[in-house]
Number of protein chains: 2
Amino acid sequence: MNNKEKAFTAEQEQMARFAKALGHPVRIAILDLLASQACCYHGDMSEVIPVAKSTLSQHLSELKDAGLIQGTLTLPSIKYCINRENWNKARSMFTELFRDIEGNSYVCR
Amino acid sequence: MNNKEKAFTAEQEQMARFAKALGHPVRIAILDLLASQACCYHGDMSEVIPVAKSTLSQHLSELKDAGLIQGTLTLPSIKYCINRENWNKARSMFTELFRDIEGNSYVCR
DNA sequence: CATGTTGTTCGCAAAATTACGAATAATAAT
DNA sequence: ATTATTATTCGTAATTTTGCGAACAACATG
């Protein structure tokens with residue numbers, strides 16, 4: 001445990017960042033709503049997701065900061081939607097991780 | 001924002017739990033090691049991943065608590081490996097989320 | 001211009017996460 | 001029995017996350 005000079009790869013950092021953004025029920029609920037396209041507006045989400053508006057804003061910001069969603073001002077409201085580019089990036093990274101482990105021939109007993 | 005009686009679905013909670021477990025570079029590094037089957041032992045990981053042993057233990061515990069890995073005592077060390085059953089469950093849940101959003105015809109401008 | 005609507009930011013508090021070294025436990029080796 | 005090896009748990013501290021209501025900003029409406 002002496003060779004500690006090496007940190008994590010950019011891929012590992014990015015992967016963890018995406019996963020962390022997905023790591024809360026409110027944020028999964030937001031993405032579920034966006035997936036069902038039932039709505040894309042803050043106000044609509046606020047009626048369905050059981051948290052205060054300010055808390056919802058924070059979770060939306062975190063998804064935005066992670067790059068997974070984006071917001072467009074559509075007065076008088078704000079329309080949120082998936083950031084396709086980064087979402088695809090996340091999808092491929094998760095897929096790769098799952099594939100790598102799936103293809104792992106090592107089996108524990 | 002009055003209909004707050006409904007919490008999150010079990011699926012959403014489970015999804016968030018898996019994602020949260022993946023939400024740290026150390027834990028991604030652990031899984032990368034398990035994927036490469038380069039090693040499965042705490043001591044080996046400790047030489048590659050730049051954190052104190054006790055910290056590594058904590059991260060291993062979190063992956064264990066989330067059900068993603070399991071440890072088998074193989075004296076004098078401990079052999080860690082993927083929990084296939086739960087890993088497959090996680091994979092299918094992530095795949096589903098990505099598929100749902102991929103198939104979403106709603107496009108923002 | 002006063003009011004209402006929509007959503008963010010601020011201020012704060014509670015809880016969880018992250019990290020480390022020291023202490024501990026369990027087992028093997030001398 | 002003492003010592004060495006391996007990994008976890010304990011104790012502690014710093015940081016981050018989560019959550020809420022109040023205050024605020026931006027714009028539309030009466």
Side-chain angles (χ1 to χ4, degrees), chain A residues 1-2 4-8 12-13 15-30 33-34 39-66 68-81 108, chain B residues 1-2 4-8 12-13 16-31 33-34 39-66 68-81 108:
Chain A
M1 64 180 167
N2 287 318
K4 294 286 177 64
E5 74 286 343
K6 199 198 65 165
F8 306 103
Q12 288 171 335
E13 299 275 7
M15 182 76 195
R17 181 138 180 63
F18 281 143
K20 191 175 184 181
L22 298 178
H24 193 286
V26 166
R27 299 197 284 271
I28 293 296
I30 290 170
L33 282 177
L34 291 178
C39 82
C40 256
Y41 297 91
H42 183 147
D44 297 335
M45 297 187 200
S46 184
E47 291 185 6
V48 177
I49 300 174
V51 291
K53 277 189 199 176
S54 57
T55 305
L56 184 57
S57 260
Q58 277 186 93
H59 286 297
L60 286 168
S61 280
E62 276 162 61
L63 286 171
K64 241 190 304 183
D65 291 346
L68 293 175
I69 67 172
Q70 55 193 311
T72 315
L73 189 58
T74 312
L75 288 171
S77 186
I78 292 182
K79 184 166 63 178
Y80 282 103
C81 50
C108 278
Chain B
M1 67 183 167
N2 288 317
K4 296 287 176 63
E5 74 288 341
K6 200 198 65 167
F8 307 102
Q12 288 171 333
E13 299 275 8
R17 181 137 179 64
F18 281 144
K20 192 174 182 179
L22 297 178
H24 193 286
V26 165
R27 298 196 286 271
I28 294 295
I30 289 169
L31 293 170
L33 282 177
L34 290 178
C39 81
C40 256
Y41 299 90
H42 184 147
D44 298 334
M45 297 188 201
S46 184
E47 291 185 5
V48 176
I49 300 175
V51 291
K53 278 189 196 177
S54 56
T55 304
L56 184 57
S57 262
Q58 277 186 93
H59 286 295
L60 286 168
S61 280
E62 277 162 61
L63 286 171
K64 241 190 303 183
D65 291 346
L68 293 175
I69 66 171
Q70 55 192 312
T72 315
L73 189 60
T74 311
L75 288 169
S77 186
I78 292 182
K79 184 166 64 178
Y80 281 103
C81 49
C108 278

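Everything numeric here is computed off the predicted structure, so don't read it as measured data.
Rounded to whole Å, atom C1' of C:dG7 lies 13 Å from atom CD1 of A:Ile69. Rounded to whole angstrom, the span from the CG atom of A:Leu60 across to the P atom of C:dT8 amounts to 6 Å. Rounded to whole angstrom, the span from the CE atom of B:Met45 across to the C1' atom of D:dA7 amounts to 12 Å. If you take CG of A:Leu22 and P of D:dT17, they are 15 Å apart, rounded to a whole angstrom. D:dT6 atom C1' lies 6 Å from atom NZ of B:Lys53, rounded to whole Å. If you take CD1 of A:Ile78 and C1' of C:dT8, they are 8 Å apart, rounded to a whole angstrom. Per the geometry, CD belonging to B:Gln70 stands 18 Å off C1' belonging to D:dA7, to the nearest Å. Rounding to whole angstrom units, CG of residue B:Leu63 and P of C:dT18 are separated by 11 Å.
Annotation: side chain of B:Tyr80 is in contact with side chain of B:His42 (closest heavy-atom distance under 4.5 Å). Side-chain contact between A:Arg27 and A:Ile49: absent, with no pair of heavy atoms (C-beta onward) separated by less than 4.5 Å.
Here A:Tyr80 does not reach the OP1 or OP2 of C:dT6: none of its side-chain N or O atoms lies under 4.0 Å away. Using a 4.0 Å cut-off, some side-chain N or O of A:Thr55 falls inside it from OP1 or OP2 of D:dC20.
Distance check, rounded to the nearest 0.5 Å: CD1 of B:Ile69 to CD of B:Glu62 gives 10.5 Å. Atoms CG and CG, from A:Leu22 and B:Leu22 in turn, are 9.0 Å apart once rounded to the nearest 0.5 Å.
Taking all atoms of both residues into account, the shortest heavy-atom contact from A:Leu34 to A:Cys40 is CD2-SG, 3.5 Å.
Where A:Lys20 and A:Ser54 each meet DNA chain D at their nearest nucleotide, the meeting point lying more 5' is that of A:Lys20.
Using a 4.0 Å heavy-atom criterion, one finds that B:Glu62 contacts the sugar-phosphate atoms exclusively.
The B:His24 side chain lies nearest to C:dA19 when the options are C:dA19, C:dT8, D:dC20. The side chain of B:Gln58 has C:dA19 as its nearest neighbour among C:dA19, C:dT6, D:dT9. Side-chain proximity of A:Ser61 to the nucleotides D:dC20, D:dT9, C:dT9 is greatest for C:dT9. Nearest nucleotide to the B:His59 side chain, out of C:dT8, C:dC20, C:dA19: C:dA19.
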